[in-house]
Amino acid sequence: MKKWYLETGPDSDVILSTRVRLARNLQNVPFPIRMTPEQRKAVDAQIKDALLGSHAAIAGDFDYLEMQDTSPAQALSMMERHLISPEFAQAKDGALLLMKDESVSIMINEEDHLRIQVMRPGLDLQGAYEMADQLDTLLDERLTYAFDERLGYLTQCPTNLGTGMRASLMLHLPALQREGVMGQLSDTVSKLGLTIRGLYGEGTEPKGAIYQLSNQVTLGISEQAALQNLKSIAMQVIAQERAARQQLNGDLRLTDQVWRSYGLLRTARILSGEEFMQLISNVRLGAALGILTEVTLDEVANLILNAQPGCLTLRVGKNLTPAERDVERASWVREQLAKNET
């Protein structure tokens with residue numbers, strides 16, 4: 001089954017992916033930070049049974065994983081695929097319900113009892129939300145959520161009170177980054193109830209000019225209003241990025257940089273993660289502008305994902321030193337690009 005993140009969607013020249021996440025907690029149960037081991041097990045069993053016991057067809061679409069049974073490399077790989085948060089990757093007392101195409105992941109006992117995440121390629125906020133809402137409704141029929149008429153859904157972190165929804169878009173913004181306007185853009189969107197963060201969310205740095213744009217306001221606003229606000233601002237950012245790209249298009253220096261980056265990826269024997277992300281960002285920009293036709297955006301997505309540390313470690317089946325990882329990354333990227341040329 002093809003994974004969702006190896007496909008492209010609407011506006012995928014700029015928007016890599018969409019994610020909608022709903023945070024929920026069970027009534028009359030302490031938040032995870034104050035739960036006993038016994039309470040954690042009880043919550044885990046309740047949520048697992050609520051989903052997998054709801055309908056045979058739905059149950060067949062999901063796998064159940066306990067974090068204590070996953071290796072560090074497996075957890076890191078899941079984080080790289082945005083299936084779990086960086087914090088959850090370190091946890092050993094949570095569990096994950098994962099759809100087989102990995103477009104839905106439900107974290108149990110992360111920051112909240114239940115976090116429903118739906119991912120889609122490209123810009124598809126409505127499609128992701130509708131799937132998340134469908135699963136939320138199904139679970140709500142079998143669970144009793146902690147809900148307040150005035151505050152909405154109750155969450156461990158007060159910033160998620162209300163809808164409990166975080167919607168985010170993964171954007172590739174190399175042209176705006178080159179113009180040096182990302183700081184200004186971040187300030188502007190923050191005044192509009194949004195935030196721009198790095199590749200893996202809060203507290204992380206952007207890599208390869210990839211940023212997350214997400215809503216900040218969850219209280220006093222409906223889900224649809226939050227989605228519309230995010231989409232409206234995203235369309236403006238897309239327009240700015242495309243305009244900046246057209247200013248660069250035709251510049252021999254950009255064409256040279258794109259082809260040099262592609263040449264290095266085809267021939268390098270050592271590639272650090274940082275260097276790889278910069279080179280692949282240039283190649284993705286070249287592919288989006290039609291400068292480079294040797295690789296598609298789908299193939300670039302595959303390269304970006306599988307060149308990350310966790311995926312590299314899983315592929316070779318053993319722990320790698322940083323130096324060994326850089327050699328393995330270069331070897332794998334060369335192999336994939338060679339396939340495109342045959």
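If you're wondering where the values come from, they're calculated on a predicted model, not measured in any experiment.
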- request: Taking the side chain as every heavy atom from C-beta outward, state whether Leu139 and Leu51 have any pair of such atoms under 4.5 Å apart.
  value: yes
- request: Considering non-hydrogen atoms only, spot the tightest contact between Pro86 and Met79 and give its length.
  value: CA-SD, 3.5 Å
- request: Is it possible for you to say whether Val316 and Trp332 belong to one hydrophobic cluster, with membership spreading through side-chain heavy-atom contacts below 4.5 Å?
  value: no
field: Any donor-acceptor N/O pair, Gln236 side chain to Ile233 backbone, under 3.5 Å
entry: no
message: So Gln246 and Leu289, do their side chains get closer than 4.5 Å, heavy atoms only?
response: yes
field: Cation over ring face, Lys48 and Tyr64, 6.0 Å, 45°
entry: yes
- prompt: Has Glu66 got more than 12 heavy atoms of other residues, nucleotides or ligands less than 6.0 Å from its CD?
  reply: yes
message: Just verifying a value: how many Å separate Leu213 CG and Leu169 CG, rounded to the nearest 0.5 Å?
response: 6.0 Å
Same apolar cluster: Val217 and Tyr153, side chain cutoff 4.5 Å: no
field: Within 6.0 Å of CD in Gln224, more than 12 heavy atoms from elsewhere
entry: yes
field: Sequence-distant partners of Asp136, side chain to side chain donor-acceptor pair (under 3.5 Å), two or more places apart
entry: Arg24, Tyr145
task: Consider only side-chain heavy atoms of I, L, V, M, F, W and Y, link residues closer than 4.5 Å, and tell whether Leu154 and Leu22 are in one cluster.
output: no
Table please: side-chain donor-acceptor pairs of residues 123-130 below 3.5 Å, with sequence neighbours left out.
from: Asp124; atom 1: OD1; to: Gly127; atom 2: N; distance (Å): 3.0
from: Gln126; atom 1: NE2; to: Glu130; atom 2: OE2; distance (Å): 3.3

query: Ala167 and Leu230: which non-hydrogen atoms are nearest, and at how many Å?
result: O-CD2, 3.4 Å
statement: Smallest heavy-atom separation, Arg197 atom then Ser214 atom, equals NH1-OG, 4.5 Å
statement: side chain to side chain donor-acceptor pair (under 3.5 Å) with Arg166: of Asn215, Asn160, Thr218, only one passes, and it is Asn160
- prompt: Only one of Arg284, Arg242, His172 forms a side chain to side chain donor-acceptor pair (under 3.5 Å) with Asp13, so which one is it?
  reply: Arg242
Student check: side-chain heavy atoms of Pro174 and Ser281 closer than 4.5 Å: yes
- request: Return the minimal non-hydrogen interatomic distance between Ser12 and Leu297, and the atom names on each side.
  value: O-CD1, 3.8 Å
- request: State whether the side chain of Arg269 and the backbone N or O of Thr267 hold a donor-acceptor pair below 3.5 Å, judged by distance alone.
  value: yes
message: So, taking the atom named CZ in Arg115 and the one named CG in Asn109, what distance separates them when rounded to the nearest 0.5 Å?
response: 11.5 Å
task: Determine whether Met35 and Leu143 fall in the same hydrophobic cluster, where Ile, Leu, Val, Met, Phe, Trp and Tyr are linked whenever their side-chain heavy atoms lie under 4.5 Å apart.
output: yes
message: If hydrophobic clusters are built from ILVMFWY residues whose side chains come within less than 4.5 Å, do Met67 and Leu65 share one?
response: yes
